[in-house]
Amino acid sequence: MTEVRAKIGYSERTEKKPYFYANAHEKDFVPLAPEEVAIADARGLGCTLDREGFTLVEHKSAVADLTDLKAVAEIHRGEIADLLKQLTGCDEVVITPMGILRFSEKLGENEAHDNSHPARFVHVDMAKEAAAAMRDKAAPAGKTVIRSAQYNVWRALSGAPQDVPLGLCAYPSVAPEDLLDCDAIFDPPDGSPEWGFPNYLLAPNPNHRWYYYSNMTPDEAIVFTTSESDPDRAQCMPHGAFDNPLAGPDSPARVSLEMRGTCYWFE
């Protein structure tokens with residue numbers, strides 16, 4: 001098993017509740033406490049959604065340009081629904097309409113897009129209670145749901161090696177007290193009202209086991225758990241961007257696409 005050593009964006013414990021913005025990061029209150037950790041290459045390790053909280057899948061899209069968010073909404077959205085249904089064995093999938101593009105800072109693209117910064121602080125996409133409420137709200141009518149789970153499907157669109165890969169903290173290594181309450185605030189660039197929901201940051205713990213997938217291609221994707229109703233499965237996936245020490249100054253700048261989906265199992 002190969003690994004790299006890099007700094008991960010942990011957060012300190014503070015009395016004041018942290019918060020972060022999708023765009024105006026100059027307004028964030030995230031008390032960062034970065035630590036250098038060993039990050040293992042998960043290729044070939046057989047990591048699973050139920051155990052570690054993440055897995056790698058091969059998946060080729062019919063969309064030639066996945067930075068075209070219109071085509072993503074019209075075509076790729078259905079592809080992701082099919083992927084999650086096949087991967088999880090669920091009965092129905094509800095997909096968020098739009099994808100989220102993120103760009104390495106060295107591209108200088110972030111100001112031209114909404115919510116496009118790589119997350120330099122480790123976080124979980126949504127706090128447990130808020131995620132459960134969102135699953136309940138989106139649940140198909142007329143069905144008795146016996147299990148539900150939210151997933152993020154993350155894909156690198158740029159060439160390898162990625163300069164800012166995605167780091168993943170295996171769920172079994174995370175203690176409940178490591179998750180720090182915070183708020184995610186979305187500030188649309190079109191001037192629409194701000195909105196948000198509870199989230200988690202991550203405090204340091206030497207027991208954490210960190211992973212990434214090296215040299216990803218556009219024809220593969222990381223699927224990881226955002227929230228899960230079954231207490232016997234991985235409940236969430238702390239994750240965050242890190243600077244890849246194996247990527248030289250001429251390495252391609254990261255461009256990535258995220259799709260979010262909620263899976264339901266019926267009685």
Side-chain angles (χ1 to χ4, degrees), residues 22-23 42-43 47-49 53-104 107 109-110 112-119 123-126 131 134-135 137-140 148-160 162-166 168 184 186 188-190 192 212-228 237 239 241 252-265:
N23 295 300
R43 287 191 180 276
C47 296
T48 70
L49 289 174
F54 63 89
T55 193
L56 185 73
V57 297
E58 294 185 3
H59 184 254
K60 184 174 178 62
S61 174
V63 179
D65 179 9
L66 285 170
T67 66
D68 180 352
L69 292 182
K70 184 174 183 293
V72 167
E74 293 175 351
I75 302 171
H76 192 53
R77 181 185 180 192
E79 294 176 331
I80 295 301
D82 291 342
L83 168 64
L84 288 176
K85 194 168 186 178
Q86 180 180 12
L87 180 64
T88 67
C90 70
D91 295 303
E92 191 161 335
V93 183
V94 177
I95 297 290
T96 303
M98 297 301 296
I100 301 173
L101 291 171
R102 300 197 193 279
F103 303 89
S104 172
L107 274 178
E109 286 283 339
N110 301 107
H113 302 271
D114 182 20
N115 190 22
S116 70
H117 296 266
H123 64 288
V124 171
D125 283 343
M126 189 174 290
M134 184 170 286
R135 294 197 305 274
K137 185 177 180 180
S148 60
Q150 289 141 304
Y151 300 103
N152 187 322
V153 182
W154 190 98
R155 187 185 308 261
L157 306 181
S158 47
Q162 281 77 47
D163 62 336
V164 187
L166 184 68
L168 304 150
F186 292 84
D190 62 4
S192 300
Y212 84 116
Y213 287 96
S214 62
N215 301 327
M216 290 188 65
T217 75
D219 292 340
E220 55 189 5
I222 300 170
V223 182
F224 63 87
T225 303
T226 297
S227 190
E228 163 71 64
M237 173 46 50
H239 58 282
R254 165 183 151 185
V255 179
S256 62
L257 174 68
E258 297 172 33
M259 299 292 290
R260 314 290 175 90
T262 303
C263 293
Y264 296 93
W265 291 257

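Computed over heavy atoms, backbone and side chain alike; hydrogens, waters and symmetry mates excluded.
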- Query: Tell me, which pairs form a side chain to side chain donor-acceptor pair (under 3.5 Å) where one or both residues lie in residues 63-72, sequence neighbours left out?
  - Reply: Asp65-Thr67, Lys70-Glu74

- Heavy atoms, side chains only, cut-off 4.5 Å: are Val93 and Thr262 in contact? no

- Item | Which atom of Pro118 lies closest to which atom of Ala241, heavy atoms considered | CB-CB, 3.9 Å

- Query: Distance-only, no hydrogens or angles: does the Thr226 side chain make a donor-acceptor pair with backbone N or O of Asp125 under 3.5 Å?
  - Reply: no

- Item | Derivation and outcome, side-chain contact (heavy atoms from CB on, under 4.5 Å), residues Ser214 and Arg43 | CA-CA 7 Å; Ser214 62; Arg43 287 191 180 276; 3.7 Å; yes

- Item | Pairwise side-chain contact, Val223 with Asn152, heavy-atom cut-off 4.5 Å (strictly under) | no

- Query: Taking atom CD of Glu58 and atom CD of Glu220, what is their separation to the nearest 0.5 Å?
  - Reply: 7.0 Å

- Can you tell me if Ser227 uses its side chain to pair, donor with acceptor, with the backbone of Gln150 under 3.5 Å? no

- Less than 4.5 Å apart, any side-chain heavy atom of Thr55 and any of Ile222? no

- With sequence neighbours left out, what residues match Lys85 under salt bridge (charged side-chain N to carboxylate O under 4.0 Å, His left out)? none

- Note on the structure: Correct closest heavy-atom pair for Asp114 and Pro188 would be OD1-CA, 4.5 Å

- Sequence neighbours excluded, the answer for side-chain contact (heavy atoms from CB on, under 4.5 Å) partners of Thr225 is Leu49, Tyr151, Glu228

- Message: Assess, by modelled atom type and distance only, whether the side chains of Arg260 and Thr96 contain a donor and an acceptor separated by less than 3.5 Å.
- Response: no

- Could you tell me whether the side chain of Tyr264 and the main chain of Asp91 form a donor-acceptor pair under 3.5 Å? no

- Item | Verdict with supporting geometry, Asp219 and Thr217, side chain to side chain donor-acceptor pair (under 3.5 Å) | CA-CA 5 Å; Asp219 292 340; Thr217 75; 5.2 Å; no

- Query: Do you know which two heavy atoms are closest between Ala138 and Val94, and how far apart they sit?
  - Reply: O-CG2, 4.0 Å

- Side-chain heavy atoms of Trp154 within contact of Tyr213, under 4.5 Å: no

- Answer yes or no: is there a donor N or O on one side and an acceptor on the other, between the side chain of His59 and the main chain of Val57, under 3.5 Å? no

- Query: Who pairs with Tyr212 by ring pair (Phe, Tyr, Trp, His ring centres under 6.0 Å), at least two apart in sequence or on another chain?
  - Reply: Phe242

- Task: Return yes if some donor-acceptor pair links the side-chain N/O of Asn110 with the main-chain N/O of Ser116 below 3.5 Å, else return no.
- Result: yes

- Please step through side-chain contact (heavy atoms from CB on, under 4.5 Å) for the pair Gln162 and Val164, ending with a clear verdict. CA-CA 6 Å; Gln162 281 77 47; Val164 187; over 6 Å; no

- Between Gly261 and Ile95, the two heavy atoms sitting closest are CA-CD1, 3.7 Å

- Query: Looking at side-chain heavy atoms only, is the closest gap between His239 and His123 below 4.5 Å?
  - Reply: yes

- Are any of the side-chain heavy atoms of Phe224 and Leu166 separated by less than 4.5 Å? yes

- Message: I'd like to know if the side chain of Thr88 reaches the main chain of Leu84, judged simply by a donor and an acceptor atom lying under 3.5 Å from each other, with no hydrogens or angles considered.
- Response: yes

- Gap between atom CZ of Arg135 and atom SG of Cys263 - 0.5 Å precision: 10.5 Å

- Query: Are any non-hydrogen side-chain atoms of Leu107 and Arg254 less than 4.5 angstrom apart?
  - Reply: no

Side-chain donor-acceptor distances from residues 97-104 under 3.5 Å, at least two apart:
{"unit_1": "Arg102", "atom_1": "NE", "unit_2": "Glu258", "atom_2": "OE2", "d": "2.6"}
{"unit_1": "Arg102", "atom_1": "NH1", "unit_2": "Asn115", "atom_2": "O", "d": "2.8"}
{"unit_1": "Arg102", "atom_1": "NH1", "unit_2": "Asn115", "atom_2": "OD1", "d": "3.2"}
{"unit_1": "Arg102", "atom_1": "NH1", "unit_2": "His117", "atom_2": "O", "d": "3.3"}
{"unit_1": "Ser104", "atom_1": "OG", "unit_2": "Asp163", "atom_2": "OD2", "d": "2.7"}

- Locate the shortest heavy-atom distance separating Trp265 from Cys90; write the atom from each residue and the value. NE1-CA, 3.3 Å

- Looking at residues at least two apart in the chain, or sitting in another chain, which of them share a side-chain hydrogen bond (donor to acceptor under 3.5 Å, both in side chains) with Ser61? His76, Glu79

